Amino acid sequence: MITQYNAKDCTITVDGVYITGVSEDMVTGSKDEEFVGTAVGAQGDVVVNVINNPLGTVTLTIQSTSPQKAMLLDMARESRNVSIWVTNKNLKERFGGSNAMIKNFPELAHTNEAGDREFEFQVFDYTVESV
């Protein structure tokens with residue numbers, strides 16, 4: 001079986017707005033903490049601790065010319081609570097959450113090429129789902 005991946009199959013929405021002008025790095029997401037932790041006693045007894053931390057991080061990288069750059073900068077400046085969802089129907093997966101905030105302004109540099117802008121979202125209800 002051959003499956004084909006195409007980056008154009010990935011959609012990114014922030015507060016319901018479709019993000020365009022993404023960079024080559026596009027977007028990444030990860031849960032901030034593992035689901036379980038373990039402790040082992042001196043005699044080898046194992047305790048499994050369930051960790052209920054729902055936080056995750058989504059990093060969105062756009063080109064400096066993205067039409068949504070101003071909107072994202074406004075969201076960061078206003079500490080606005082937004083949703084962020086990344087969906088790839090071909091891979092049948094979606095990640096993100098309904099409650100997120102941009103952590104800080106992107107790092108800026110002006111050089112001989114137009115650089116990318118990286119927005120890091122703290123997601124308060126991070127999840128990964130099959131679609």
Side-chain angles (χ1 to χ4, degrees):
M1 174 190 236
I2 297 174
T3 303
Q4 188 174 20
Y5 173 79
N6 186 335
K8 288 184 177 184
D9 293 334
C10 183
T11 59
I12 304 160
T13 58
V14 176
D15 221 20
V17 176
Y18 179 71
I19 304 299
T20 60
V22 295
S23 77
E24 285 183 346
D25 293 333
M26 285 181 60
V27 64
T28 62
S30 64
K31 191 169 178 321
D32 288 355
E33 199 170 1
E34 296 174 346
F35 290 115
V36 297
T38 56
V40 180
Q43 296 180 336
D45 299 316
V46 178
V47 175
V48 177
N49 300 298
V50 175
I51 301 170
N52 296 303
N53 183 344
L55 298 179
T57 301
V58 174
T59 303
L60 169 62
T61 308
I62 61 170
Q63 296 173 318
S64 60
T65 56
S66 170
Q68 290 77 40
K69 179 177 72 174
M71 176 193 79
L72 293 168
L73 289 171
D74 287 345
M75 289 175 176
R77 184 177 21 268
E78 297 166 5
S79 297
R80 194 180 317 162
N81 191 322
V82 298
S83 62
I84 181 164
W85 291 106
V86 179
T87 306
N88 189 306
K89 289 186 180 177
N90 190 41
L91 297 178
K92 297 179 175 78
E93 64 187 16
R94 171 173 110 142
F95 65 87
S98 298
N99 295 297
M101 289 181 158
I102 297 173
K103 289 184 178 183
N104 203 345
F105 290 118
E107 181 178 324
L108 301 176
H110 295 280
T111 63
N112 62 337
E113 293 183 357
D116 294 337
R117 305 294 185 253
E118 187 176 278
F119 290 87
E120 190 175 44
F121 290 79
Q122 179 70 69
V123 183
F124 307 118
D125 58 348
Y126 185 83
T127 190
V128 177
E129 305 169 342
S130 292
V131 292

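Computed from a predicted model, the values in this text were never measured in an experiment.
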Trainee: With a 4.5 Å heavy-atom cut-off, do Trp85 and Val123 have their side chains touching?
Mentor: no
Trainee: Would you name the heavy atoms of Asn53 and Lys31 that are closest together and state the gap between them?
Mentor: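 Taking every non-hydrogen atom into account, O-NZ, 2.7 Å.
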Trainee: About how many Å separate OG of Ser30 and CG of Leu55, when rounded to the nearest 0.5 Å?
Mentor: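 Rounded to the nearest 0.5 Å, the CG-OG separation comes to 11.0 Å.
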Trainee: State, yes or no, whether a side-chain contact exists between Ile62 and Gln68 at a heavy-atom distance under 4.5 Å.
Mentor: no
Trainee: Do Met75 and Asp15 make a side-chain contact, defined as non-hydrogen atoms from C-beta onward lying under 4.5 Å apart?
Mentor: yes
Trainee: Side chain of Asp125, backbone of Asn99: donor and acceptor closer than 3.5 Å?
Mentor: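 At least one qualifying donor-acceptor pair exists.
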Trainee: Do Gln63 and Asp116 have side-chain heavy atoms sitting under 4.5 Å apart?
Mentor: yes
Trainee: Indicate yes or no: at least one non-hydrogen side-chain atom of Phe119 is less than 4.5 angstrom from one of Leu73.
Mentor: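 With C-beta onward as the side chain, the pair touches.
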Trainee: Does a side-chain heavy-atom distance below 4.5 Å link Ser64 with Leu108?
Mentor: no
Trainee: If we ignore angles and hydrogens, is there a donor and acceptor under 3.5 Å between the side chains of Asp32 and Gln122?
Mentor: yes
Trainee: Below 4.5 Å, heavy atoms only, C-beta onward: do Met26 and Cys10 meet side chain to side chain?
Mentor: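 Yes - at least one pair of side-chain heavy atoms lies under 4.5 Å apart.
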Trainee: Are side-chain heavy atoms of Val14 and Phe121 found at a separation under 4.5 Å?
Mentor: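 Yes, their side chains come closer than 4.5 Å.
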Trainee: For Lys103, give me all partners under salt bridge (Lys or Arg N to Asp or Glu O under 4.0 Å), at least two apart in sequence or on another chain.
Mentor: Glu120
Trainee: Keeping Ser66 on the side-chain end and Thr20 on the backbone end, is there a donor-acceptor pair under 3.5 Å?
Mentor: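 Confirmed, Ser66 side chain pairs with Thr20 backbone.
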Trainee: Return the set of residues passing side chain to side chain donor-acceptor pair (under 3.5 Å) with Glu78 (not counting sequence neighbours), or none when no residue passes.
Mentor: Arg80
Trainee: Between Ile84 and Met101, is there shared hydrophobic-cluster membership here, with clusters defined by ILVMFWY side-chain heavy atoms closer than 4.5 Å?
Mentor: no
Trainee: For Asn6 and Asn88, work out which heavy atoms get closest and say how close.
Mentor: O-ND2, 4.4 Å
Trainee: Can you name the closest pair of heavy atoms from Val47 and Asn49 and give their distance?
Mentor: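 Looking at all heavy atoms of both residues, the closest pair is CG1-OD1, 3.7 Å.
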Trainee: For the OG1 atom of Thr61 and the CG atom of Asp25, what is their distance to the nearest 0.5 Å?
Mentor: 5.5 Å
Trainee: Within a radius of less than 6.0 Å around CZ of Phe35, do more than 12 heavy atoms belonging to other residues, nucleotides or ligands occur?
Mentor: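 No, the 6.0 Å shell around CZ holds no more than 12 heavy atoms from other groups.
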